[in-house]
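Keep in mind that the numbers below use all heavy atoms, side chains included, and drop hydrogens, waters and symmetry copies. Each chain gets a letter, A, B and so on, in the order its sequence line appears, and its residues count up from 1. These numbers were taken from a predicted model, which means no experiment stands behind them.
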Amino acid sequence: MTEFLSQLNPQQREAVTIGDGPLLILAGAGSGKTRVIAHRIAYLIAERGVWPRNILAVTFTNKAAEEMRKRVTRLIEGLEIGSAPLIATFHGLCVRILRRDIETLNAGYTRSFTIYDQDDTVRLTRNSIRDLGMDDKQLTPRSVQSTISAAKNRGEDAESFAARAHFIDERRASIARVFQLYEERLHKNNALDFDDLLIKTVRLLRDVPEVRERYNDRFRYLLVDEYQDTNQLQFGLIRLLTEKQQNICVVGDPDQSIYRWRGADITNILKFEEHFPSAKVIRLEENYRSTQNILDLASGVIKHNIERKEKALWTQNPAGEKIRYYQALDAESESRFVAGKIQEHLRSEPELRAAVLYRTNSQSRVFEEAMRRAGLAYNIVGGFSFYERMEVRDIIAYLKLAMNPHDSIALQRVINTPPRGIGKMTLDEIDNRTRELGISHWDAISDLIADERRLSARAIAALANFQRIVNQLALKVEEILSTNPGGASPEEESESRIESASPVSDLVKAAILDTGYENALKSENSDEAEGRLENLQELVNAAVDYDEQGAEGLRDFIDHSALVADTDQYKADVPVTLMTAHSAKGLEFPLVFLVGLEDGLFPHSRSLSDASDIEEERRLAYVAMTRAERFLYVTHAVKRRVYGEELASEPSQFLNEMPLELIEDVSRGRSWLSFARGSHTLKGEAGSGRYEDDNQYSEAGNEFTIEGKSNKPGGSKYTGKTYDSVESVEEFFRRRTAQMGSPRSTPKSQGRSASPKPDPRSPSPLSFGPGSYVRHSKYGRGLVLRREGSGEQTKVTVNFPGYGAKKLIEKYAGLEKD
DNA sequence: GAACTTGCTGAATTG
DNA sequence: CAGCAAGTTC
């Protein structure tokens, strides 16, 4: 059984076989990270006699968990083992623990709590804002919810948030009030949001020693994947779970930390050895995935991060093809290029799998269309997943309601879906009642029906109808619950019961039929309704998987629908996969297209103002590039529609950070790259000197510690020219203007690119067009990159050497012509 | 009360 | 260009 060790290199083998105690595996991209975890699990079971149920492996995504499960199963196939190791996502693990033990927390939650997903929490936030008499236009539910979530992730509760908010500003104080009401209502509804899943679990383990003890005994070996992305709460969870045994093995790569915005704390991995003093550290630095060229390209980019420790990732793979670069006119032509290239590759290698990686989900649509036109089978990961479809969520809401009619969010969602004559007036009345008596919406309905005076007979009838529907469904749930006690001992089960072979899917069917949902769709008679019906059929199919678990299965099924956010299980045999760079983490493809490499898109505009945000973007680009095994294409478009408006877009700075000698230009006509090359030789700098590091860091060895944020560079870190550098931008504009003048340049569309929208209305004397120099009192001399808006709101983006690009309101910036 | 129309504002990444 | 909310009409 040790034969599987022979497939590993010495470092991997050590990581797999090393004994108990804390272990940190620093695994570069493509170094066989998942493989090592899977092997370690198998090794623990097969060679060290660890009981599988004592092993817990935690991942971030369902996809990763799935993959891990598959690999482990393959490795331990044929062994006589009674149980399987638990491989789950953080959230999945928490649900599991809470479903069992939350009541011991004595905080008023019951084991049948509901999970609110993003959609639910935003609704709840909106309700809270309104009920506090605030304006949900000034305080948009979405942004308030994300502020709340960020606070919860920092470990702040409503009270401490409020205490601090007081000193900040009015807006913050308002959010604090919403926060409080939001929490109150979650609690009243016996509901937990995603953050609560972690928070409550940590609290449970912290406050209830018996429970902590039990899980410490149960999970004697804990393995964590993508450790660089853990946040404070997850760290807390890990520490509590390993308190006793200290058998904690984490795997991660600081260069692939891309979830800071979600509270991920990179110091978790950087300080692992401080947190677990007896920790051993193993580095995996040989890359098995990519060609030398791809690796060099990715390294060339990630090198520009300052908050980083140099790492020696290497490969024995051949240099391979050059990286191909394409400059497209717009998003459509970009997608056409990609589809065309995929076809070309498939012609010579029909088995090749391709991935198209973009920064934002909204980019997917164009590619989807291009694939369809090209007749390429594709699938999309992320974006609107199956479980986010309206009709699917409606049916789930009915099921939730059947299990817990006091779930007000679910109730509000479906009380009049399909339309059954419960209108605004009636709903308002229910709301009033709810508030007056401090009861749930469900109770308010009974109350109003009994009252008779407050509503018209017609409204009362409609409410009674709704009540009947939910009750009927609840009754079915109860029936099945009593006849199919999932999880009960087998003997008990075998006697007297008319067991349904398909309890869960039957309930889903009932929720579709008995609520009038199906009829409403059928009578619509449209293609859209047709599609929805198909989706619901699909939902029933999905439920079948849970039938064998009996009644417990319904709970699991509903949990699953909340926790499976990405369209998991992208079929590996489909030739093309479209997804965000984030979703691609952990995957690999022979052929990769990294698209939309434009300033403001990738790196995303929201990150431009903050240096460490840019660094995270760069890591994201690094993740994307290192997904490629053999062929990598990088593309960008010259213009793109944003908000339905066509805007000129500049090449991403990341393009300029790529070692240009590795790149082959396959654009039609002159491109940014030919410009970049031209300027390069013009300056007569030696190719190798271009990205020279004056590195204070690369020599410092392989300590994966951050060199402190104090890295105030006297200048920028490298001496080469970046896209941002004043000279290169200047040259770029010169080139562009020259190009535009030439009669052979592409007709009409190109005229807009150099200066987006010269506004005819405000020929202000203070207008600084792109390409001109300005002087700022604080930042000094800079070059105008872009100009947008008009009149009072004219904003200019100016690049100041040493400070980076700043967006300024022209009117207030006090700029002078230089 | 429901269906339709207009008008407005606002998208990053995920479990 | 969306998705949503308020306004309008039947």
Could you check whether any side-chain N or O of A:Ser257 sits under 3.5 Å from a backbone N or O of A:Pro254, counting only pairs where one atom can act as donor and the other as acceptor? no
Send over the distance from A:Asp229 CG to B:dT13 P, rounded to a whole Å. 16 Å
Which nucleotide wins on minimum distance to the side chain of A:Lys137, given the candidates B:dA11, C:dA6, B:dA2? C:dA6
Geometric class of the A:Tyr259/A:Trp261 ring pair [parallel <30°, tilted 30-60°, perpendicular >60°]: tilted
Looking at A:Asn361, I'd like to know whether one of its side-chain N or O atoms comes within less than 4.0 Å of OP1 or OP2 on B:dT13. yes
Taken to the nearest whole Å, CD1/A:Ile199 to P/B:dG15 is 18 Å
Test A:Phe654 against A:His304 for ring-ring contact (aromatic ring centres under 6.0 Å, His included), laying out the working first. CA-CA 9 Å; A:Phe654 299 152; A:His304 291 81; 9.0 Å; no
Contact nearer the 5' end of DNA chain B, comparing A:Met425 with A:Leu620: A:Met425
Name the closest nucleotide to the A:Arg458 side chain, picking from B:dA12, B:dG15, B:dG1. B:dG1
At 4.0 Å (heavy atoms only), tell me whether A:Gln363 reaches a base, stays on the sugar-phosphate, or touches nothing. nothing
Here the distance between atom C1' of B:dT14 and atom CD of A:Glu226, to the nearest Å, is 13 Å
With heavy atoms under 4.0 Å as the rule, sort A:Asp195 into base, sugar-phosphate or nothing. base
Spacing between A:Asp225 atom CG and B:dG15 atom C1', to the nearest angstrom: 15 Å
Rounded at 0.5 Å granularity, tell me how far NZ in A:Lys63 sits from NZ in A:Lys585. 10.5 Å
Under 5.5 Å between ring centres and under 30° between planes: true for A:Trp261 and the base of B:dT13? yes
What is the distance, to the nearest angstrom, from the CG atom on A:Leu192 to the C1' atom on B:dG15? 14 Å
Side chain of A:Arg142 only, heavy atoms from C-beta on: which candidate in B:dA2, B:dG1, B:dA11 is closest? B:dA11
Which of C:dA2, B:dA2, B:dG15 is nearest the side chain of A:Arg365? It is C:dA2
At 4.0 Å (heavy atoms only), tell me whether A:Glu616 reaches a base, stays on the sugar-phosphate, or touches nothing. nothing
How many Å lie between CG on A:Leu563 and C1' on B:dT14, as a whole number? 12 Å
Under 4.0 Å between a side-chain N/O of A:Thr426 and OP1 or OP2 of B:dG1, yes or no? yes
Classify the angle between the aromatic ring planes of A:Phe194 and A:His91 as parallel (below 30°), tilted (30 to 60°) or perpendicular (above 60°). perpendicular
Measure the distance between the ring centre of A:His91 and the centre of the six-membered base ring of B:dG15, then answer whether it is under 5.5 Å with planes under 30°. no
Would A:Asn535 and A:Arg532 count as having a side-chain donor-acceptor pair, cut-off 3.5 Å? no
Separation of atom CG in A:Leu139 from atom P in B:dG10, rounded to whole Å: 12 Å
Assign A:Phe90 to base, sugar-phosphate, or nothing according to its heavy-atom contacts below 4.0 angstrom with the strands shown. nothing
Give a yes/no on whether any side-chain N or O of A:Ser362 is located under 4.0 angstrom from OP1 or OP2 of C:dA2. no
Picking from B:dG15, B:dA2, B:dG1, the nucleotide nearest the side-chain atoms of A:Thr61 would be B:dG15
B:dT14 phosphate, OP1 or OP2, under 4.0 Å from A:Asn62 side-chain N/O: no
Of the listed nucleotides C:dA5, B:dG10, B:dG15, the one nearest the side chain of A:Arg130: C:dA5
Nearest-Å distance once atom P is located in both C:dC4 and B:dT13: 16 Å
Write down the distance between CD (A:Gln138) and P (B:dG10), rounded to a whole number of angstrom. 11 Å
Distance check: side-chain N/O of A:Arg126 vs OP1/OP2 of C:dA5, anything under 4.0 Å? yes
Applying the side-chain hydrogen bond (donor to acceptor under 3.5 Å, both in side chains) criterion to A:Lys152, which one of A:Asp157, A:Asp195, A:Asp196 satisfies it? A:Asp196
Check if the side chain of A:Arg359 and the base of B:dT13 share a donor-acceptor pair of N or O atoms closer than 3.5 Å. yes
Distance between C1' atoms of C:dA6 and B:dA11 (Å, rounded): 22 Å
Considering every strand and a 4.0 Å limit on heavy-atom distances, what is the contact class for A:Asn416: base, sugar-phosphate, or nothing? sugar-phosphate
